[in-house]
J.: 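Let me give you the structure first, and then I'll get to my questions.
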Amino acid sequence: MTDLNKLPSTAAFFDVDGTLAKVNAVTHYQNLANWDCLPFNRWWLSLQLAVKVPYYISLDRFDRQLFNQVFYKNYRNWSVIQLQERSQAYFEEKLRSQLFPTAKDCIAHHKKQGQQVILVTGSLDFIVAPLAEFLGVDAILATRLQTQNGHYTGEIAGISPTGENKVNAIQSLSLKLGIDLSQSFAYGDSASDLPMLMKVGHPVAVNPDRILRQFAQRQRWTIEYWKLK
């Protein structure tokens, strides 16, 4: 990580799931839970998730924060060290290939312009960390889980940076680092990213869902479609 106090006063804020990479919280969990599993156990986990998916989708549409609170309970009693190791392997073997090539180019462009690059995501910090290191970003604002005796409790520590909480997170960091949000950029793919996008001078909707696309069109924001090659 770069020494943030020495960086310039503009930034590019990026959502992760659906924006930088073609992934989501469910696929992260499924891959981590399936690691080194026997075929039957892998099949059984997939079946359990499939049954719950409609419920998770409904929660996510209603309130992303509530979805995170409920879904991340799946990580209860998992070893902190084990998940960190699995997350690194998961990035190298699967997540890295789901990163949009344009996303890497975009981040490289902002870094070349001397702007801070900051990931702002409701995804879990141990999942995002290898991606952030690979991209060479300056900071991560991600969801953290509480730990006890070397294991995750499944409960969120503090507030997950989703929806309006993304605004609170970037405002707090910007005040600390002297970032001018009116001159900064933000990239997001869903309606939950709207508060963050509305807070910066240069919002960009990437692969937007219906609500974000319609809003972006009315506001004449930049809309981009990034694909895997």
Side-chain angles (χ1 to χ4, degrees), residues 10-32 57 60-61 64 67-68 87 90-125 127-143 160-163 166-167 169-170 179 181 183-229:
T10 58
F13 300 94
F14 289 86
D15 172 58
V16 175
D17 293 355
T19 302
L20 291 182
K22 192 176 182 180
V23 290
N24 57 52
V26 176
T27 57
H28 290 318
Y29 172 74
Q30 188 169 18
N31 277 287
L32 291 172
I57 290 176
D60 187 44
R61 289 176 176 173
R64 180 65 59 82
F67 166 80
N68 285 353
S87 293
Y90 164 54
F91 170 74
E92 295 293 344
E93 296 187 23
K94 294 191 175 183
L95 179 55
R96 182 172 176 174
S97 67
Q98 297 302 302
L99 181 63
F100 296 119
T102 307
K104 292 187 288 185
D105 294 340
C106 184
I107 287 177
H109 168 75
H110 283 293
K111 292 174 67 175
K112 187 175 181 179
Q113 296 300 312
Q115 295 160 344
Q116 302 180 52
V117 176
I118 300 167
L119 304 187
V120 190
T121 176
S123 287
L124 294 168
D125 56 350
I127 294 174
V128 178
L131 173 65
E133 183 177 1
F134 172 72
L135 293 172
V137 306
D138 300 297
I140 310 170
L141 299 173
T143 303
S160 179
T162 62
K166 283 196 173 185
V167 174
I170 68 172
I179 296 172
L181 291 176
Q183 299 299 316
S184 295
F185 295 75
Y187 296 77
D189 73 297
S190 71
S192 67
D193 295 316
L194 267 171
M196 177 178 72
L197 295 170
M198 293 171 65
K199 201 66 181 178
V200 300
H202 305 284
V204 182
V206 177
N207 301 336
D209 62 16
R210 180 180 58 83
I211 295 175
L212 176 56
R213 183 181 70 253
Q214 292 176 348
F215 189 91
Q217 288 172 338
R218 289 196 300 270
Q219 298 298 316
R220 297 184 179 181
W221 288 354
T222 299
I223 300 177
E224 298 186 2
Y225 292 93
W226 297 351
K227 298 180 180 180
L228 295 175
K229 293 182 180 179

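This is a predicted model, so every value here is computed, not measured.
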J.: Using 30° and 60° as the class boundaries, would you call the ring planes of His202 and Phe185 parallel, tilted or perpendicular?
T.: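 Correct class here is parallel.
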
J.: Return the minimal non-hydrogen interatomic distance between Ser160 and Thr143, and the atom names on each side.
T.: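 Distance-wise, the nearest heavy atoms are OG-OG1, 2.6 Å.
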
J.: For Ala169 versus Pro161, what's the shortest heavy-atom pair and its separation?
T.: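 Closest approach of Ala169 to Pro161, heavy atoms only: CB-CB, 4.4 Å.
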
J.: To the nearest 0.5 Å, how far apart are CZ in Arg218 and CZ in Arg213?
T.: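 The distance works out to 11.0 Å.
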
J.: Hey, does Val16 have a side-chain heavy atom less than 4.5 Å from the side chain of Ile127?
T.: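 Result no, sub-4.5 Å side-chain heavy-atom pair not found.
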
J.: Heavy-atom distance under 4.5 Å between the side chains of Leu197 and Leu212, does that happen here?
T.: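 In contact.
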
J.: Rounded to the nearest 0.5 Å, what's the gap from CD on Gln116 to CZ on Phe13? Could you check?
T.: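 Answer for the CD-CZ pair, Gln116 versus Phe13, is 7.5 Å.
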
J.: Where do Leu135 and Lys104 land on the side-chain contact (heavy atoms from CB on, under 4.5 Å) test, with the steps shown first?
T.: CA-CA 7 Å; Leu135 293 172; Lys104 292 187 288 185; 4.0 Å; yes

J.: Answer whether the closest heavy-atom distance between the side chains of Thr222 and Pro203 falls below 4.5 Å.
T.: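 No, their side chains stay 4.5 Å or more apart.
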
J.: In the structure I gave you, are the side-chain heavy atoms of Phe100 and Asn207 within less than 4.5 Å of one another anywhere?
T.: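 Yes; the side chains approach each other to less than 4.5 Å.
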
J.: Would you check, one step at a time, whether the test side-chain contact (heavy atoms from CB on, under 4.5 Å) holds for Phe14 with Val120?
T.: CA-CA 6 Å; Phe14 289 86; Val120 190; over 6 Å; no

J.: Before you tell me yes or no, could you show the steps for Phe91 and Glu133 under side-chain contact (heavy atoms from CB on, under 4.5 Å), namely the whole-Å CA-CA distance, both residues' side-chain angles and the distance that decides it to 0.1 Å?
T.: CA-CA 11 Å; Phe91 170 74; Glu133 183 177 1; over 6 Å; no

J.: Could you check whether any side-chain heavy atom of Asp17 comes within less than 4.5 Å of a side-chain heavy atom of His28, counting everything from C-beta outward?
T.: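 Result yes, sub-4.5 Å side-chain heavy-atom pair found.
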
J.: Mark yes or no for whether Asp209, through its side chain, and Ala191, through its backbone, hold a donor-acceptor pair below 3.5 Å.
T.: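 At least one qualifying donor-acceptor pair exists.
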
J.: Quick test of your reading: applying salt bridge (charged side-chain N to carboxylate O under 4.0 Å, His left out), list the pairs with at least one residue in residues 107-117, sequence neighbours left out, ordered by first then second residue.
T.: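 Output for this query is empty, none listed.
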
J.: What pairs meet the salt bridge (charged side-chain N to carboxylate O under 4.0 Å, His left out) rule with one or both residues in residues 183-194, with sequence neighbours excluded?
T.: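 The answer is Lys166-Asp193.
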
J.: Would you call Ile140 and Ile118 a side-chain contact if the rule is heavy atoms closer than 4.5 Å?
T.: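 A side-chain contact is absent here, since even the closest heavy-atom pair is not under 4.5 Å.
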
J.: How far does CG of Leu141 sit from CE of Met196, to the nearest 0.5 angstrom?
T.: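 Result: 10.0 Å between the selected atoms.
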
J.: For Ser192, give me all partners under side chain to side chain donor-acceptor pair (under 3.5 Å), at least two apart in sequence or on another chain.
T.: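 Result, side chain to side chain donor-acceptor pair (under 3.5 Å) vs Ser192: Arg64, Ser190.
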
J.: Start with the C-alpha distance between Glu93 and Asn31, add both sets of side-chain angles, then the distance that settles side-chain contact (heavy atoms from CB on, under 4.5 Å), and finish with yes or no.
T.: CA-CA 10 Å; Glu93 296 187 23; Asn31 277 287; over 6 Å; no

J.: Quick check against the 3.5 Å criterion: does Thr121 have a side-chain atom that pairs as donor or acceptor with the backbone of Ser123?
T.: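 Side chain of Thr121 to backbone of Ser123, a donor-acceptor pair under 3.5 Å: yes, one is there.
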
J.: State, yes or no, whether a side-chain contact exists between Arg96 and Glu92 at a heavy-atom distance under 4.5 Å.
T.: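 Yes, close enough: below the 4.5 Å cut-off.
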
J.: Kindly compute the distance separating OG1 (Thr10) from CD (Gln183), expressed to the nearest 0.5 Å.
T.: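 Result: 8.0 Å between the selected atoms.
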
J.: Check whether any side-chain heavy atom of Lys22 lies under 4.5 Å from a side-chain heavy atom of Leu228, and answer yes or no.
T.: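 Contact flag for Lys22/Leu228 side chains = yes.
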
J.: Are the side chain of Ser184 and the backbone of Ala11 linked by a donor-acceptor contact shorter than 3.5 Å?
T.: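 Side chain of Ser184 to backbone of Ala11: a pair is present.
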
J.: Rounded at 0.5 Å granularity, tell me how far OH in Tyr187 sits from CG in Leu20.
T.: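 Interatomic distance, Tyr187 OH to Leu20 CG, rounded to 0.5 Å: 10.0 Å.
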
J.: Minimum heavy-atom separation for Gly188 and Asp15, please, with both atom names.
T.: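 Scanning both residues completely, I find the closest heavy atoms to be CA-CB, 4.1 Å.
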
